[in-house]
Amino acid sequence: MEAHGFLQLSHPSPLLLSLAGKLFAASRHFFEDESAGEKERCRRVPPANSGWVGQGVEKLDAKGSDDLKECGCLYTTLASGRAFNIKVFTEEPKQPMPSLLAGETELIADFIAACHSLCMGLLEGMALSLSLPKDYFTSRHAPQDPAGTALRLLYYPPTTTGSAPLVRAGAHSDYGSLTLLFQQEGASASGLQVLLPSSSSADGKGGEGMQQGGEWLDVPAAPDRVLVNIGDLMEAWTAGRWPSTVHRVLVPPHTSTGARLSIAYFLHPADDVRLHRIGGVAAHGEGGAAGGGSGRGRVFEEGMTSAEWLKERFRATYI
Ligand SMILES: O=C(O)CCC(=O)C(=O)O
Ligand SMILES: [Fe+2]
């Protein structure tokens, strides 16, 4: 975790894996069988982050090509009113739920609860390892508080030889505290790579600059594992002790490849949490603008809120 900013959990709870399997099936059904008109009806309307996002709308690497993906983003807070029309999340939906996902709200809610619970366990261990009170991070991620936490269903359509660009999701690091990433099995599901941080540039902005001279490590698609990424906010919070992971998704090198589906749970602190760098925790004592660690020097303005941080980070992502 300290070296690479990510880890693979090889024995997550069977319940979480079984829910993920069901959600993958529902996700494929939505992306492949939902009518264009219905997707359009549920389109994400900025500045909201929830809703369906078509191809060519997002660009995770600000200096690279558009991402080859579609996604459905489901906000997760109970109180925010920013979700698809899932009753459990909001009384006042801002976003209609597409018909093919409308019957899956219980599954989605259960999956979100399982993801949140896994994250809370990780955050407790992380707090203890920094000699902080066990609830230092968890108390700032209370599930009932409005937050930027989001569940995203991602779909990268099939590709054929020579189709360009060959990048399905551009190089980037995630914005929040932690990300849980679920992948499926099989050749078309592969392509995820993480950049070894020792070779990351320190421009702190992301984009192509991060790839110069860097070594990319393939992360095999394994349906029985959950990938945990450190996000930029956590890097800044811990003064680089836990660096955020730069990652991307390439089209696998086959003559043609099927669709790739993934599911990401992006955990963020509650919107009104004020961010203060945790002092004295840097692992390596050098490097990084935040005063230590192996990250790329992500910093936040002392005292800014979690919501302000996220708003700033979103600005660069949408085309
Ligand atoms: O699809 C994947 O495996 C990665 C997606 C990703 O990194 C993201 O959406 O932030
Ligand atoms: Fe990501």
Side-chain angles (χ1 to χ4, degrees), residues 4-9 20 23-24 27-28 31 44 49-62 64-76 115 119 148-159 166-195 197 200 206-207 210-211 216-223 225-235 243-252 257-268 296 298 310 313-314 316-319:
H4 296 136
F6 83 100
L7 57 90
Q8 289 199 80
L9 295 177
L23 192 52
F24 270 121
S27 175
R28 184 181 287 278
F31 286 110
R44 166 187 170 267
N49 186 37
S50 54
W52 172 76
V53 178
Q55 278 196 62
V57 174
E58 284 188 5
K59 190 172 175 160
L60 283 170
D61 179 348
S65 47
D66 303 351
D67 293 347
L68 284 177
K69 71 168 186 229
E70 279 184 56
C71 57
C73 188
L74 310 160
Y75 258 106
T76 64
C115 285
C119 287
T149 298
L151 175 67
R152 295 197 109 187
L153 308 177
L154 293 147
Y155 181 84
Y156 305 85
T159 55
L166 298 173
V167 177
R168 278 179 154 165
H172 68 284
S173 47
D174 298 340
Y175 309 153
S177 327
L178 295 179
T179 303
L180 303 183
L181 187 69
F182 298 80
Q183 303 190 81
Q184 284 191 302
E185 205 165 17
S188 60
S190 63
L192 179 68
Q193 296 184 318
V194 299
L195 186 65
S200 306
M210 293 186 295
Q211 299 170 39
W216 289 98
L217 185 71
D218 289 322
V219 182
R225 291 190 190 167
V226 182
L227 191 71
V228 183
N229 282 343
I230 296 292
D232 295 335
L233 192 152
M234 184 59 80
E235 175 178 317
S244 62
T245 320
V246 177
H247 52 287
R248 67 181 180 185
V249 182
L250 297 183
V251 173
T257 178
R260 173 177 200 276
L261 285 93
S262 62
I263 301 174
Y265 182 75
F266 298 100
L267 181 76
H268 286 258
R296 283 161 299 111
R298 293 276 182 200
L310 185 58
R313 293 305 322 274
F314 269 145
T317 303
Y318 291 104
I319 296 161

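Numbering of ligands and ligand atoms starts at 1, following listing order.
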Query raised in the report: Around the Fe ion (ligand 2), how many protein N, O or S atoms are there at under 2.8 Å?
Result: 3
Query - Asp174: side-chain hydrogen bond (donor to acceptor under 3.5 Å, both in side chains) partners, not counting sequence neighbours - result: His172, Thr179, Asn229, His247
Query raised in the report: For ligand 1, which atoms, with element, lie under 4.0 Å from some heavy atom of Ser262?
Result: 1 (O), 2 (C), 3 (O)
Query - Under-4.0 Å heavy-atom contact with ligand 1, by part of Asp174 that carries it - result: side chain
Report task. For Leu178 and Cys119, work out which heavy atoms get closest and say how close. Result -> CD1-O, 4.2 Å
Query raised in the report: Under 3.5 Å, side chain of Gln8 to main-chain N/O of Leu227, donor-acceptor pair present?
Result: no
Requested in this report: With atom 6 (C) of ligand 1 as the reference point, say which of Arg260, His172, Gln183 has the nearest heavy atom.
Outcome: His172
Query raised in the report: What's the verdict on side-chain contact (heavy atoms from CB on, under 4.5 Å) for Phe24 and Ile263, showing C-alpha distance, side-chain angles and the deciding distance?
Result: CA-CA 8 Å; Phe24 270 121; Ile263 301 174; 3.6 Å; yes
Report summary line: Looking only at heavy atoms, the pair that brings Phe31 and Leu153 closest together is CZ-O, 3.3 Å
Query - Nearest heavy atoms of Gln183 and Val219, plus distance in Å - result: NE2-O, 3.8 Å
Report task. Give the minimum heavy-atom separation between Ile230 and Pro243, together with the two atoms involved. Result -> CB-O, 3.3 Å
Query - Test side chain to side chain contact (heavy atoms under 4.5 Å, CB included) applied to Pro223 - qualifying residues, sequence neighbours left out - result: Glu185
Requested in this report: Between Ala169 and ligand 1, find which residue part has any heavy-atom pair under 4.0 Å and reply side chain, backbone, both or neither.
Outcome: neither
Query - Numbering as shown, the atoms of ligand 1 that approach Phe266 to under 4.0 Å (heavy-atom distance) - result: 8 (C), 9 (O), 10 (O)
Report task. Show which atoms of ligand 1 fall inside a sub-4.0 Å distance from at least one heavy-atom site of Val249. Result -> 1 (O), 2 (C), 3 (O), 4 (C)
Query raised in the report: What atoms of ligand 1 come closer than 4.0 angstrom to any heavy atom of Tyr156?
Result: 1 (O), 2 (C), 4 (C), 5 (C)
Report summary line: The side chain to side chain contact (heavy atoms under 4.5 Å, CB included) partners of Ser262 (sequence neighbours excluded) come to Leu154, Tyr156, Leu181, Arg260
